[in-house]
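Notes for the one structure printed next.
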2 protein chains.
Amino acid sequence: MTGADVEVKLRESGLRVTRQRVAVLTVLHDHPHTDTDTVIRRVREVAGDVSHQAVYDVLRALTDAGLLRRIQPTGSVARYEVRVGDNHHHVVCRSCGAIADVDCAVGHAPCLTPSDHHGFVIDEAEVTYWGVCPTCAAAAAS
Amino acid sequence: MTGADVEVKLRESGLRVTRQRVAVLTVLHDHPHTDTDTVIRRVREVAGDVSHQAVYDVLRALTDAGLLRRIQPTGSVARYEVRVGDNHHHVVCRSCGAIADVDCAVGHAPCLTPSDHHGFVIDEAEVTYWGVCPTCAAAAAS
DNA sequence: AGCAAGACTTGATTTGTTCCAGACAAGCGG
DNA sequence: CCGCTTGTCTGGAACAAATCAAGTCTTGCT
């Protein structure tokens, strides 16, 4: 994803193109599942001084616009990733909190249909797999 | 679930039986998906003065012991429910945050197997359905 | 009944996040 | 290129959720 691609995405969503927004999208494209604090640090590396409010504002604005997806596994702080259309899921390490992408088991949202939906109108099924990552498994074995 | 049942469960898990722990388990049995703050209030209703720290400690201890399950949908605070063996899932209202139980789509944990697990050793698949509850849907329609 | 580990209390502290208000800067349509 | 609108900055302040620390009490074993 180039800076130009990011610009187009922003415009398509009716959002102005600013240095800060481009930086946030670029950072999250290169490093998915990043928490807010790390986003702030990385944004400053590529775009110079940016206030922490600006980053919070941008994350909120882009999430509302549907360009970002906010994920927050139990016990973790908020993390963000660029929203892509593939409806993928996540596997989280119980030991170190590492997150990896996993393709959807079926293919399109909602990829699962509950037996009894209690009258809810369901538009998405989010799956989180819990386990232990290879690194932590190796560390535990020794 | 009677107080005696709760006592047995605690002892089976090697935990001491205290007023606070019995109260927490009872409250969560009667009101699943309750957030920490509400647990504290309800515990105080049934068991008199209990420090908020004690409730946090109890929730942690019982979760570690496997008697409770902690759930935390994106954008929500931590909620707890008594852990039952049926591996059910949850449907969450995007509008008001209401949570309802949903039976597992397949039947046993892990009830879904990802195509590419990236070397992770997976022991559980947690599914969160997102949608709008009947109440909010009705309110939006009017 | 006595004892020690474990559980609880009190109170302060940290962490992540949001809100505020006014001044300034920048994007984009005309 | 001008001006309106939107976004960002400074920098505080406030917030709720959760955790830490030290001392006191209680449970359950002997």
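Keep in mind that what you see is a predicted model, and the values were worked out from it rather than measured. Chain letters run A, B, ... following the sequence lines, proteins first and then strands; every chain starts at 1.
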Nearest-Å distance for atom pair CG/P, residues A/Asp57 and D/dT10: 13 Å
A/Ser51 vs D/dG11: side-chain N/O to OP1/OP2 distance below 4.0 Å: no
Sugar-phosphate only, base, or nothing, as touched by A/Ala61 at under 4.0 Å among non-hydrogen atoms: nothing
Separation of D/dA16 P from A/Gln72 CD (nearest whole Å): 17 Å
Nucleotide nearest B/Thr18 (side chain, heavy atoms from C-beta), chosen from C/dG16, C/dT9, C/dA7: C/dA7
Separation of C/dG16 P from A/Arg41 CZ (nearest whole Å): 12 Å
N-O pairing of B/Arg69 and B/Glu124 below 4.0 Å: yes
Whole angstrom value for the distance that separates P of C/dG29 from CG of A/Leu15: 13 Å
Pairing of A/Arg42 and A/Asp30 as salt bridge, 4.0 angstrom limit: no
Distance between P atoms of D/dG11 and C/dG16 (Å, rounded): 22 Å
Protein-nucleotide distance (A/Leu59, atom CG; D/dT8, atom C1'), rounded to Å: 14 Å
D/dA18 OP1/OP2 closer than 4.0 Å to side-chain N/O of B/Tyr56: yes
Touch class at under 4.0 angstrom, heavy-atom based, for A/Asp37 against every strand present: nothing
Sugar-phosphate, base or nothing in reach of A/Arg79, heavy atoms under 4.0 Å: nothing
Under 4.0 angstrom between A/Thr36 side-chain N/O and C/dT17 OP1 or OP2: yes
Interatomic distance, B/Arg21 CZ vs D/dT26 C1' [rounded to whole Å]: 11 Å
Side-chain donor/acceptor of B/Ser76 to backbone N/O of B/Gln72, under 3.5 Å: no
A/Val50 backbone acceptor or donor facing A/Arg44 side chain under 3.5 Å: yes
Between C1' of D/dT27 and CZ of B/Arg19, the distance in whole Å: 13 Å
Distance test, side-chain N/O of B/Arg11 to OP1/OP2 of D/dG28, below 4.0 Å: yes
Any A/Arg60 side-chain N or O less than 4.0 Å from OP1/OP2 of D/dG7: no
Nearest-Å distance for atom pair CD/C1', residues A/Gln20 and D/dT6: 12 Å
Note, A/Leu25 side chain near A/Leu10 side chain (heavy atom, < 4.5 Å): yes
Under-3.5 Å donor-acceptor pair between B/Arg16 side chain and C/dA5 base: yes
N or O in side chain of A/Gln53 less than 4.0 angstrom from D/dC9 OP1/OP2: no
Given DNA chain C, 5'-ward residue of the pair B/Gly14 and B/His52, judged by closest heavy atom: B/Gly14
Nearest-nucleotide comparison on DNA chain D, the residue closer to the 5′ end among B/Arg70 and A/Asp49: A/Asp49
Donor + acceptor pair across side chains of B/Asp101, A/His118 (<3.5 Å): no
